[in-house]
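See below for the structure under consideration.
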Amino acid sequence: MKFTLLINEGPYQHQASDTAYQFAKAALAKGHEIYRVFFYNDGVNNATRLAIPPQDDRNITENWAALAKEHELDMVVCIAAAQRRGMLDADEAGRQGKDADNIHPAFRISGLGQLVEGGIQADRLLTFGD
Amino acid sequence: MKFTLLINEGPYQHQASDTAYQFAKAALAKGHEIYRVFFYNDGVNNATRLAIPPQDDRNITENWAALAKEHELDMVVCIAAAQRRGMLDADEAGRQGKDADNIHPAFRISGLGQLVEGGIQADRLLTFGD
Amino acid sequence: MSENIKKFMFVNTKAPYGTVYALESLEVVLISAAFDQSVSLVFCDDGVFQIANNQNTEASGMKNFSPAYKALGDYDINKIYVETESLEERGLTLDNIMALTYEDEDDDWAEKSSIIPVTRAELADLMDEQDVVISS
Amino acid sequence: MSENIKKFMFVNTKAPYGTVYALESLEVVLISAAFDQSVSLVFCDDGVFQIANNQNTEASGMKNFSPAYKALGDYDINKIYVETESLEERGLTLDNIMALTYEDEDDDWAEKSSIIPVTRAELADLMDEQDVVISS
Amino acid sequence: MAMLHTVNKSPFERNSLNSCLSKSKEGSTILLIEDAVVGALKGTIVADKLTAAVANKNVCVLGSDLNTRGFTEADIIDGIKIVDYAGFVDLVAEHSNVQSWL
Amino acid sequence: MAMLHTVNKSPFERNSLNSCLSKSKEGSTILLIEDAVVGALKGTIVADKLTAAVANKNVCVLGSDLNTRGFTEADIIDGIKIVDYAGFVDLVAEHSNVQSWL
C-alpha cells in the first residue's frame, strides 16, 4: 500500500515529526511504500541542516535523511511555508538575494500541489500535527 | 517600569510573537523600559534573517529588528534551544563546523541565565506562548 | 487522471489568527482546485470562527485573510459544510457567517450559497465517505 | 545581589513528550539554581504526568529526561508542589509520582521528600505570593 | 496588590481558562487575549462561567484581538471590559505580578 | 470499511477527543497516540466516556507512547487494545480512510 505523510509541526517542539518517522519506518519494514513525505506549516523546520541537538538526544533531521537515503523517499518542503519561516535552499537563496541557505540536501522544495498530488496518488494520506 | 518578555513560539505559526511585539511597542510608547526580550523554545525561530513572508503580510523578524534599533532593545536567543532547531550565528557556525548561519544581527545568542537574570532585574516578566 | 477522482475534505477545527492553521489550510484548498478532484470544506468546533463576518485586523497587525474565502466559489469549491451544533455552542447563528456563494453553471449561472449547514451526525456520515481528510 | 532575592515559581501544566515544554522548562529551572533566588516548582493539570514513575522511552525513540528531576534536590530546589485535584482527576495518587528528595543541611543532611501535595486553593495562594511566575 | 492572569486559548478548545478561573483569587484580573477572546462572547456554553467570574474578578478582553475575529463590544458579556495594548500594559504595571496560563 | 481516527492530545487539556468521539461512527477505530494516551487510563474524569466508546467502537492506544509516559497495560481501561507502530500501520491499511483529530 502507498502512503503519503503530511507533517505540520517542527522538530522537538512537538512529537508529530517523531511519530511520523516511527510510522514511516514501521510501514517500510512491512513492505509498504511511502509515496511522499510532505512538510507544511512549521513542519518545514524539520528540513534544516544546521541543527545541533544534544549528544544524548535524537537528531530528527538526520533520522529522516537516513531513512530517505535507504528507501529513496521523496521528502518535499512547501515553498510558501518555508519562505515565511526562513527555510531556503541554495537556488531560492540566490533568487531571493539572501546570503545563506539552510535546507538539508535530503529534502527538496516544491509547491503545495505536491501535497494534493500525494493525496491523489497514495492509498492513504496521514496527517501528523499539533 | 522595567519589563522582560519571554517568547516561546516561532513566527506565523502562533500569535505569541505578534502579541509580544504589540505589547512591547505599547509599553515603550508609554515610557516603560523593555529590559530584555528572551526567545526560547520555538521562539528562537523569530531570529532568522532568511524569512521572505508574502508582500501583503507582516515581517515579524524585521518588525522586531526595527523596534530594537529604535529603542536599543536587548534581544536574546537561547543558545541551547537555538542549536536544537538549527538557528546559528556566524561564531557558532564556525565553532560547530556548520557551513551557514541564519541569525539576524539584531539578535544575540546567549545562555538561559539571561532569562533568569531578566526575571531578577525587571519589575515584571511576561510570557507569550502557545 | 479523470478516472481517478477522489473526494478531498478539508476539516477546519481551529480559530483563526491565534495559530496559522486556518490561513495555511486555505492555501492548500485553493491549490487543490487545480486538480479536478471533488473538494469540500468543513467548519466545525472553533473552525466556525474562520468564516465569521466583519473580521478587522487593523489594530492587531495580523493579516486579514478572510476575504480569500469569498474566492472559493470562483474556484468551483462550493460544498462548504458548517456544523450547526458548533455555532450554537459558541452563541452564533448563520447570520454571523460570511455569505459565501458560487455561480451555478447548470442553472444559468444563478448565484447560490455555498454554505451547507449540517448536524454533527450528518457530518460524521460525510466524513465517512471521503477518500482524503485533511484536518487542522 | 543578595538584597534582591525574588520568588520564582515554575508552573508545569502540560504532559511531557508530546511537546517540548516540560523538558525545556526543566532546563530553565536547573539554571535558575545558580542565581540564589527562591525557586519553587508546580506540577498541576497535565503537568503531573511530567513526574510520573517508570517512564520508558525505549520504543518511542524520545529522550527520557525524567531522571533529571531527581537532580533538583542536589541543586537545592526542594519546594515541589503537586496539585492533588489534578492527580485525582487523572486517576493518579502520590504513589504514581517519582520520589524526589533533598538532603536537609539544617537537619544533619537527613533525606527528605521535596514533594509537597497542595490543594487547588492552596496553590492559588502560593501563586499570589510570587515575584516571577513562568508557566508552560 | 492582586495578580493579573492572561489566557490566550479558546475555552471551547482548551482547558486553560478553566485552570485560570479555578486558581485565580477574588479581586484579581483576568485578561483574555488572542484566541481566548471568543470566551467573552454572549450566549456560549461557557458564558455562565464568565458571568460568574465577572461577579468577583475583573475580567477584560483585548479589543484588537476581538475585532480581528469579527466581534465588538456589543457581542460580549456585560461587565467584561475592553482594553487596547496600552491598557494591557497598564494592567501589567498596576498588578503585583502577571501569570500567563498557557 | 470503517474509518480510523487518531487523537494525539490529552483529553484533560483539549477538546479533540470529544470532537472525535462525537463524530466517529459505530464500528470505527479510534487510536490514541502521543499525549492522548493518558485518556486511556483507569479512574480518570474521562474514563466513563472511554468505557462508553469501547462498547461500540474499537479503541486502541499506542503502546510505546503509553510506556514513554510511565504506564502499561495494567493501567488502562478494559477493552482498550495496545498496538505498536507496526500495528498502527496495519490499522491504517485495514481501514478505508484515516482522519487525524488535531
Side-chain angles (χ1 to χ4, degrees), chain A residues 7-14 16-18 39-62 64-65 77-105 107 109 129-130, chain B residues 7-14 16-18 39-62 64-65 77-105 107 109 129-130:
Chain A
I7 299 175
N8 290 339
E9 297 297 333
Y12 305 104
Q13 189 92 345
H14 297 88
S17 182
D18 293 283
F39 296 86
Y40 195 43
N41 302 143
D42 265 5
V44 299
N45 293 330
N46 285 287
T48 180
R49 70 168 188 277
L50 303 183
I52 310 152
Q55 299 274 345
D56 61 348
D57 202 349
R58 68 222 187 273
N59 187 320
I60 293 177
T61 301
E62 291 301 339
W64 277 114
V77 175
C78 170
I79 188 165
Q83 286 185 342
R84 206 171 253 144
R85 292 167 179 84
M87 298 296 303
L88 301 172
D89 63 12
D91 279 2
E92 270 294 293
R95 248 196 308 278
Q96 303 280 354
K98 292 288 183 180
D99 65 346
D101 63 88
N102 52 357
I103 286 195
H104 191 289
F107 300 78
I109 285 197
D130 179 35
Chain B
I7 299 175
N8 291 339
E9 297 296 333
Y12 306 104
Q13 189 92 345
H14 297 90
S17 183
D18 293 284
F39 295 86
Y40 195 44
N41 301 143
D42 265 5
V44 300
N45 293 329
N46 286 286
T48 179
R49 70 168 186 277
L50 303 183
I52 310 153
Q55 297 275 345
D56 61 348
D57 203 349
R58 67 220 187 272
N59 188 320
I60 293 176
T61 301
E62 291 301 339
W64 276 115
V77 175
C78 170
I79 187 164
Q83 286 185 341
R84 206 170 252 145
R85 292 166 179 83
M87 298 296 303
L88 301 172
D89 64 11
D91 280 1
E92 270 293 294
R95 248 194 309 276
Q96 303 280 352
K98 292 288 184 179
D99 63 346
D101 64 89
N102 53 356
I103 286 196
H104 191 289
F107 299 78
I109 283 196
D130 179 37

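All heavy atoms count here, side chains included; hydrogens, waters and symmetry mates do not. Note that the coordinates shown come from a computational prediction; the quantities given were computed from them, not determined experimentally. Chain identifiers are assigned alphabetically (A, B, ...) following the order of the sequence lines, protein sequences preceding nucleic acid strands; residue numbering begins at 1 within each chain.
- Residue contact with chain B, scored on non-hydrogen atoms closer than 4.5 Å, is absent for Asn59(A).
- Residue contact with chain A, scored on non-hydrogen atoms closer than 4.5 Å, is absent for Asn46(B).
- For chain A, the nearby parts of Asp42(B) are the backbone and the side chain; heavy atoms of each come within less than 4.5 Å.
- The contact between Asn8(B) and chain A is made entirely by backbone atoms, counting heavy-atom distances below 4.5 Å.
- To the nearest 0.5 Å, atom CG of residue Leu50(B) and atom CG of residue Leu88(A) are 5.5 Å apart.
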Next on the checklist: Run the side-chain contact (heavy atoms from CB on, under 4.5 Å) test on Arg85(A) and Asn45(B) for me, step by step, so that the C-alpha distance in whole Å, both residues' side-chain angles and the decisive distance to 0.1 Å come before the verdict.
Outcome noted: CA-CA 8 Å; Arg85(A) 292 167 179 84; Asn45(B) 293 329; over 6 Å; no
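- Your options are Met87(B), Arg49(B), Glu92(B), and the one with the most heavy-atom pairs under 4.5 Å with chain A is Arg49(B).
- Between Phe39(A) and Trp64(A), the ring-plane angle classifies as perpendicular under the 30° and 60° cut-offs.
- Going from atom CG of Asp101(B) over to atom NE2 of His104(B) covers 12.5 Å, rounded to the nearest 0.5 Å.
- For the set Asp99(B), Thr48(B), Thr61(B), the entry with the most heavy-atom pairs within less than 4.5 Å of chain A is Asp99(B).
- Val44(A) and Ala81(A) make their closest contact through CG1-CB, 3.8 Å (heavy atoms, listed as atom of the first residue, atom of the second, distance).
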